[in-house]
Each structure stands twice: as C-alpha cells, then as structure tokens.
Amino acid sequence: AIQSGLITEEERRELVHADLIVRGIREGQPTWLVVEVSGTIEFYDIERALKRSQLLARSTGENVLPVVAGELCPEEFLRDALRKGVWVILDGRTFAPTQIHR
C-alpha cells in the first residue's frame with residue numbers, strides 16, 4: 001500500500017497499532033474488522049477504530065468494519081459509536097450501527 005501510494009509510512013505506523021485486525025468473509029465478500037479494545041470504551045477508542053478502519057480500507061480496497069470492544073461503555077459513547085457506523089461489543093453483547101440507542 002505504501003509503494004502504491006495508497007497510504008504513507010506514518011499512516012502505516014498508525015494502522016499497525018490497532019489492537020486487533022481480523023479478516024473473514026461476510027455476505028460472500030472479504031471483510032476486515034479493525035478492533036480497538038478497552039476496559040471502558042471512550043471517545044478516543046471510537047475515533048481510533050474509525051481512523052484505522054479507513055486506512056485499512058484504502059490499503060486493501062476491501063470492506064472494513066470499525067469495532068470497539070470492552071466491558072463498559074457510557075451511553076453517550078455507545079450512541080456516538082453507532083451513529084458513526086462503529087460496531088460495539090460490550091461485555092459479550094454486539095450492537096450493530098443500525099441499533100441507535102436513544
């Protein structure tokens with residue numbers, strides 16, 4: 001991706017600091033998950049997941065889903081993540097971006 005000019009060396013360094021990157025098949029398409037893990041999910045976890053998922057999408061040209069995972073997540077951060085298209089795994093429960101909590 002660097003040699004092709006898709007991302008810079010600085011962006012590559014940002015991407016390799018993701019807590020977890022997983023590749024699988026979703027609805028018949030190769031799909032990546034960029035996961036940021038924290039005991040308590042906060043704003044910066046959501047922003048890192050978004051930024052790093054965008055970098056990976058540019059690098060691979062494949063589908064990438066941003067994900068945050070943790071034990072606790074204040075309601076305001078849960079709503080923010082879902083509004084921004086970030087999946088949330090909270091103490092074993094999964095919240096899809098379409099599940100906006102009001």
Side-chain angles (χ1 to χ4, degrees):
I2 293 171
Q3 291 174 350
S4 300
L6 300 173
I7 62 171
T8 66
E9 178 60 35
E10 182 179 330
E11 290 171 325
R12 183 201 68 79
R13 282 193 299 272
E14 173 72 24
L15 185 55
V16 300
H17 282 92
D19 292 331
L20 179 66
I21 297 177
V22 181
R23 184 173 187 259
I25 302 296
R26 181 174 188 246
E27 298 174 356
Q29 298 295 315
T31 302
W32 298 81
L33 304 179
V34 175
V35 185
E36 294 299 322
V37 180
S38 184
T40 299
I41 297 167
E42 297 190 23
F43 175 77
Y44 62 88
D45 299 306
I46 297 163
E47 293 304 308
R48 279 198 317 257
L50 276 169
K51 180 178 182 178
R52 292 172 178 171
S53 68
Q54 292 164 354
L55 291 173
L56 188 59
R58 277 194 357 233
S59 298
T60 64
E62 295 181 345
N63 297 325
V64 180
L65 300 176
V67 180
V68 291
E71 291 183 34
L72 301 169
C73 184
E75 187 69 27
E76 67 186 279
F77 295 133
L78 177 60
R79 285 192 309 268
D80 184 53
L82 297 177
R83 256 194 313 276
K84 291 179 176 176
V86 177
W87 288 72
V88 178
I89 301 171
L90 189 54
D91 198 24
R93 296 180 309 167
T94 302
F95 298 90
T98 56
Q99 297 175 303
I100 304 296
H101 286 263
R102 302 192 190 277

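Quick caveat, the model's predicted, so the values are computed rather than measured. FYI, the numbering just counts along the sequence from 1.
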> So which atom in E71 and which in D91 form the shortest heavy-atom distance, rounded to 0.1 Å?
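The pair with the smallest heavy-atom distance is O-CB, 3.8 Å.
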> Please name the pair of heavy atoms, one in K84 and one in F43, separated by the smallest distance, quoted to 0.1 Å.
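Scanning both residues, the minimum pair turns out to be NZ-CE1, 3.5 Å.
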> Indicate the atoms forming the closest heavy-atom contact of T31 with R26, along with that distance.
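Answer, listing the atom of T31 first, then R26: OG1-CB, 3.4 Å.
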> Only one of L78, D80, D45 forms a side chain to side chain contact (heavy atoms under 4.5 Å, CB included) with V88, so which one is it?
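With V88 as partner, L78, D80, D45 yield a single side chain to side chain contact (heavy atoms under 4.5 Å, CB included), made by L78.
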> If you take all heavy atoms of F95 and L82, which pair is closest and at what distance?
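Heavy atoms of F95 and L82 come nearest at O-CD2, 3.7 Å.
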> Should E14 and R48 count as an ion pair when the cut-off is N to O under 4.0 Å?
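Answer for the salt bridge query: no.
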> Could you check whether any side-chain N or O of R52 sits under 3.5 Å from a backbone N or O of H17, counting only pairs where one atom can act as donor and the other as acceptor?
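Yes; judged by distance alone, with no hydrogens or angles, the pair exists.
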> Is there a path of hydrophobic side-chain contacts, each under 4.5 Å between heavy atoms, that joins L55 and L6?
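No, separate clusters.
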> Quick one: CD1 on I7 to OG1 on T60, what's the gap to the nearest 0.5 Å?
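So the CD1 of I7 and the OG1 of T60 are separated by 10.0 Å.
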> Rounded at 0.5 Å granularity, tell me how far CG in N63 sits from CD1 in I25.
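Separation between the atoms: 10.0 Å.
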> Other hydrophobic cluster members with W87, side-chain heavy atoms of Ile/Leu/Val/Met/Phe/Trp/Tyr under 4.5 Å, chained?
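In the cluster with W87 are L20, V22, L33, V35, V37, L65, V67, I89.
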> Give me the atom names and distance for the closest heavy-atom approach of I41 to P74.
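It is O-CD, 3.4 Å.
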> Between R12 and E9, does at least one N-O distance fall below 4.0 Å, as a salt bridge requires?
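A salt bridge is present here (some side-chain N lies under 4.0 Å from a carboxylate O).
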> Would the number of heavy atoms belonging to other residues, nucleotides or ligands and lying under 6.0 Å from CD of E62 be above 12?
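Atom CD in E62 is packed in, count exceeds 12.
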> Should K51 and E47 be marked as a side chain to side chain contact (heavy atoms under 4.5 Å, CB included) after you check the CA-CA gap, both sets of side-chain angles, and the distance that decides it?
CA-CA 6 Å; K51 180 178 182 178; E47 293 304 308; over 6 Å; no
> If you take all heavy atoms of V68 and A49, which pair is closest and at what distance?
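It is CG1-CB, 4.0 Å.
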